[in-house]
Structures are given as structure tokens and as C-alpha cells.
Amino acid sequence: MIPALPGPRAHLDRITADLDAGFSCLWLVPDALVASGVAEELLADLAARPDSVRVVPPSVVEVERPPAVPTVDGRALPSWAVGHPAFEEVAWSPAPEPVHVPVVRLADRVAGMLVGGPYDDPVDAVAASPEARRRVVVVCGWEEDDPAAVGAFLSRMSAARAPRVLVAARTGDVRAGALDPLTGRTHWWWGVTGRLDTAVVVGTGRPGLRGAVAREVVVELAGPDLDLAASLARSWDGRVEALEGLLDVVSPSVVPVGGGHTGHPPAALREPWSRGLADLWEGQVRVSPRAVPPGRRAEVVRSLVWRAQHRALTPVLDDARAAIEVVFRSRASTAVLAEVARDPDAPLELGPMCWAVAHLGVRIPQHERRLLSRLRDARNALAHLRPVTDDDLDGIEKLLG
């Protein structure tokens, strides 16, 4: 699902465009994206191009175990004594320690796939091969066992400009500074997803006003944390009072926030970014509420719920206010209207209309009167940066029918 989302799709397309333009690319992803399997799914998408060849990972270390030998007093028997009746009762030594055969280096594996042999230098051989020069060599950094070798291979191939190399890696999988900015491109999984991506993950399965508000709350609360978005979409019943208890605290300390408006996460955010808990979302650095310790969690949740409700409810309150204003104007005298609206051309606000109904004798139908009161309370809460209560949300939804 992730590769098909608008933000990730555009991100993958930018990498593809750089490869098409002749650049080698280093693609850096969070550890959490690898652990979840999403990074592999995305890499498979990138490697599906017809000119790519994915490098086989290092094979399992081969083991040679020499056979056990007969000994006398810890010394090996000579060959003529082996099998002689006089030596039938000799002890056999334990099997020697296994001999580990080194795995084939990255550069040699690439040369073996694209060139064959023989060659003096694998990188030079690949760079000089007309067939290899037309390919995109895809290296999966988290499958390799030598970050220095991955970085060196990428640097040399990037400088040679042929063939193009795509290295997908976590920050610890490749030596820092592996790419010259003049000969290669670095793409961070940073600021990739946006509100639309999170909204797609949340889905549209909840009907009515409460459903619309709940969807917006999940999107705003989760932000770029798509795992949290999917979890809340499945498990949260839409009641604000139950929301905080569904957030698991996964970090014992407050995650630092700041910077991050470049193409990569700032140093202070690398650790939470690698865990999938911090990212750039809609132009702002966002830390997942899962990473907020209990002492601050209520404050963070309250702020994000308010922001989501403000976005979801403002057009609803405006439309309902306008409908009530029509009824109010038809029932109020000219004097009352002059008292309620200082500017005759300005729309009537909920608070003054509610006050006029309660204190100036304006009689409107009971349904509109109850709705007016609920709308006023909701508007006041939002104006004072407070979330609308579950009771008021239930009442508004019921009265709007």
C-alpha cells in the first residue's frame, strides 16, 4: 500500500528521475521502515525497472570442519599407525574449530554478475564494461556486512558515472559522505508523507459528523506516523476521553524538536527519526505522540485534538450558524437586531443570538434553540483552544440529523 500513496510515489519517482539522468543515488531510510518490511517493498518497486540488476547479498559464511584425528597423549598418530591393531583403543580428538571462509566482497560480487572474469580491479572492470555501463546496480545496504565497503563502492562507481548505482541503506549501513554531490544524489526518507497520505491510511469508514471529526483527529494526531494512524483507525471509537489511553509511550524522554526544514533530519532528530517517531510533515517537524512521555502526553493530545476539531467543525458550525440566523432574523424585532448586530451587514454571531434568545425574548423553535446553545458552546471551546466535549459533539450530530 505504501508505494502507492501520493507522497511515497512522488519520492520514488524523484529517485527514478535522478537515475534516468545518469546519477548514482544513496537512499537513506529509517530503521523502523526496514524492520516493518516497508523499505523492502519500496526498494522492490525501485528495482523493478528493466535495466536494473540487484546485487545478491553476502552468502551465509561457509564452514570447513576438518575431520577428527586419532591421538595418543594429545599427539596425532602417524599415518602408518592408523588402523593398526595395537592402536585400536586410542582416543579420538574433538573436532577442530571450524574454519570460516570469507564471503565474497561487494565489488567482486557485482563484477561477477556483470563482467565475469578475469580482472585486476572489480570496480574498474565493471566501469569499463559496455554492457554494465547501461545498467543500474541496486545494493541493499541492510543486507550487507561492511558499511565501509558499501560506501567505497558507491563513491568509486559514482565518480566513474557508470554504471549507475542505487544504494538503499539505513544510516549505519554505509560510510558517511559516500557520495560527491556533484556526481551523485542523496535522498532521505524525510518529509515524504503528508496529510493526504495519512488520510488515505485512515480511510473513510466512519459515517456522520462524529465520523468526520474522528477521521480528522486521527490524521492530525498521527501525522507522519502511519503505523499509529492505521492502529487508531482500527481501534479508536471516536470518544475523545478514551484517546489518550490508546497511545503507547515508546520513549522514556522528551524527543527534541527543531530544525529539519532541509532535505534531511537534523542531527538532534536522527535517533527518533530512525525509530519512525519523528519526521517532517506538512512543513513542520512532527514527533509522534507515541514518543511523548506521560507527563506531557495529555497536553500534546489536547492540542492536536483541538487543531483537528477546528479544521473539521469550523465549516459545519458556519453552515449551521447561517441557517439559524435566517430563523432568528425572521423572529427578532428591528430593535433587537440593532442590539445584536452593531453592523447591519455583518452576519449574526452565535453568542449574541443565544444571549438575545435568553434575555431579549426572541422566540425561535425549540430545536433551533437547543442547536444554537450547542453550537455556541462548541464555538467558545474552539475559540479558547479547548477541544469540544464528546457530549457537545453528540448533541450537535443528533440535532443536525
State plainly whether the residues [X] and [Y] are in salt-bridge range, i.e. N to O under 4.0 Å.
{"X": "D391", "Y": "R374", "result": "yes"}
{"X": "D394", "Y": "K398", "result": "no"}
{"X": "D20", "Y": "R49", "result": "yes"}

Nearest heavy atoms of [X] and [Y], plus distance in Å:
{"X": "L269", "Y": "A278", "value": "CD2-CB, 4.3 Å"}
{"X": "L106", "Y": "A149", "value": "CD2-O, 4.2 Å"}
{"X": "V219", "Y": "V202", "value": "CG2-CG2, 3.8 Å"}
{"X": "L246", "Y": "A242", "value": "CG-O, 3.7 Å"}
{"X": "P163", "Y": "S24", "value": "O-OG, 4.1 Å"}
{"X": "R215", "Y": "G203", "value": "CD-O, 3.0 Å"}

Is the shortest side-chain heavy-atom distance between [X] and [Y] below 4.5 Å?
{"X": "V301", "Y": "L243", "answer": "yes"}
{"X": "W273", "Y": "V287", "answer": "no"}
{"X": "V110", "Y": "V53", "answer": "no"}
{"X": "Q309", "Y": "L382", "answer": "yes"}
{"X": "R239", "Y": "R210", "answer": "yes"}
{"X": "R376", "Y": "M353", "answer": "no"}
{"X": "R386", "Y": "R302", "answer": "yes"}
{"X": "L400", "Y": "V316", "answer": "yes"}

Using 0.5 Å steps for rounding, measure from the [atom1] atom of [X] to the [atom2] atom of [Y].
{"X": "I324", "Y": "L348", "atom1": "CD1", "atom2": "CG", "answer": "11.5 Å"}
{"X": "D173", "Y": "D146", "atom1": "CG", "atom2": "CG", "answer": "11.5 Å"}
{"X": "L313", "Y": "L209", "atom1": "CG", "atom2": "CG", "answer": "6.0 Å"}
{"X": "R329", "Y": "L337", "atom1": "CZ", "atom2": "CG", "answer": "5.5 Å"}
{"X": "L19", "Y": "S52", "atom1": "CG", "atom2": "OG", "answer": "9.5 Å"}
{"X": "L375", "Y": "L317", "atom1": "CG", "atom2": "CG", "answer": "6.0 Å"}

Mind running side chain to side chain contact (heavy atoms under 4.5 Å, CB included) on L26 and L28 for me, showing each step along the way?
-> CA-CA 6 Å; L26 172 59; L28 294 169; 4.1 Å; yes

Candidate pair F328 and E368, rule side chain to side chain contact (heavy atoms under 4.5 Å, CB included), full reasoning | CA-CA 9 Å; F328 183 91; E368 279 73 14; over 6 Å; no

Where the side chain of [X] meets the backbone of [Y], is there a donor-acceptor pair that is under 3.5 Å apart?
{"X": "E143", "Y": "V56", "value": "no"}
{"X": "S155", "Y": "A178", "value": "yes"}
{"X": "R297", "Y": "L247", "value": "yes"}
{"X": "D18", "Y": "R185", "value": "no"}
{"X": "S373", "Y": "R370", "value": "no"}
{"X": "T314", "Y": "R311", "value": "no"}
{"X": "R286", "Y": "E220", "value": "yes"}
{"X": "S129", "Y": "V126", "value": "no"}
{"X": "T198", "Y": "P224", "value": "no"}
{"X": "D225", "Y": "A222", "value": "no"}

Worked verdict on R175 versus V150 for side chain to side chain contact (heavy atoms under 4.5 Å, CB included) | CA-CA 7 Å; R175 175 178 53 81; V150 174; over 6 Å; no

How about D120: does its CG atom have over 12 heavy atoms from other parts shown lying under 6.0 Å from it?
->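 It does not: D120 CG has 12 such atoms or fewer within range.
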
So which of R135, R134, R164 actually passes side chain to side chain donor-acceptor pair (under 3.5 Å) with D51?
->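 Filter result, single survivor: R164.
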
Look at the rings of H264 and W188 and say which category their plane angle falls in: under 30° parallel, 30 to 60° tilted, over 60° perpendicular.
->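 Rings of H264 and W188: tilted, 30 to 60°.
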
Between W189 and H11, what is the ring plane arrangement, given parallel below 30°, perpendicular above 60°, and tilted in between?
->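 W189 vs H11 ring planes: perpendicular.
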
Apply side chain to side chain contact (heavy atoms under 4.5 Å, CB included) to the pair T183 and F23, showing each step before the final yes or no.
-> CA-CA 6 Å; T183 59; F23 293 101; 5.9 Å; no

Working for salt bridge (Lys or Arg N to Asp or Glu O under 4.0 Å), residues R109 and E144 | CA-CA 12 Å; R109 272 179 281 134; E144 297 292 328; 2.7 Å; yes

Which pairs pass ring-ring contact (aromatic ring centres under 6.0 Å, His included) with one or both residues in residues 287-309, sequence neighbours excluded?
->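 Checked against ring-ring contact (aromatic ring centres under 6.0 Å, His included) - neighbours excluded - the pairs reaching residues 287-309 are W306-H310.
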
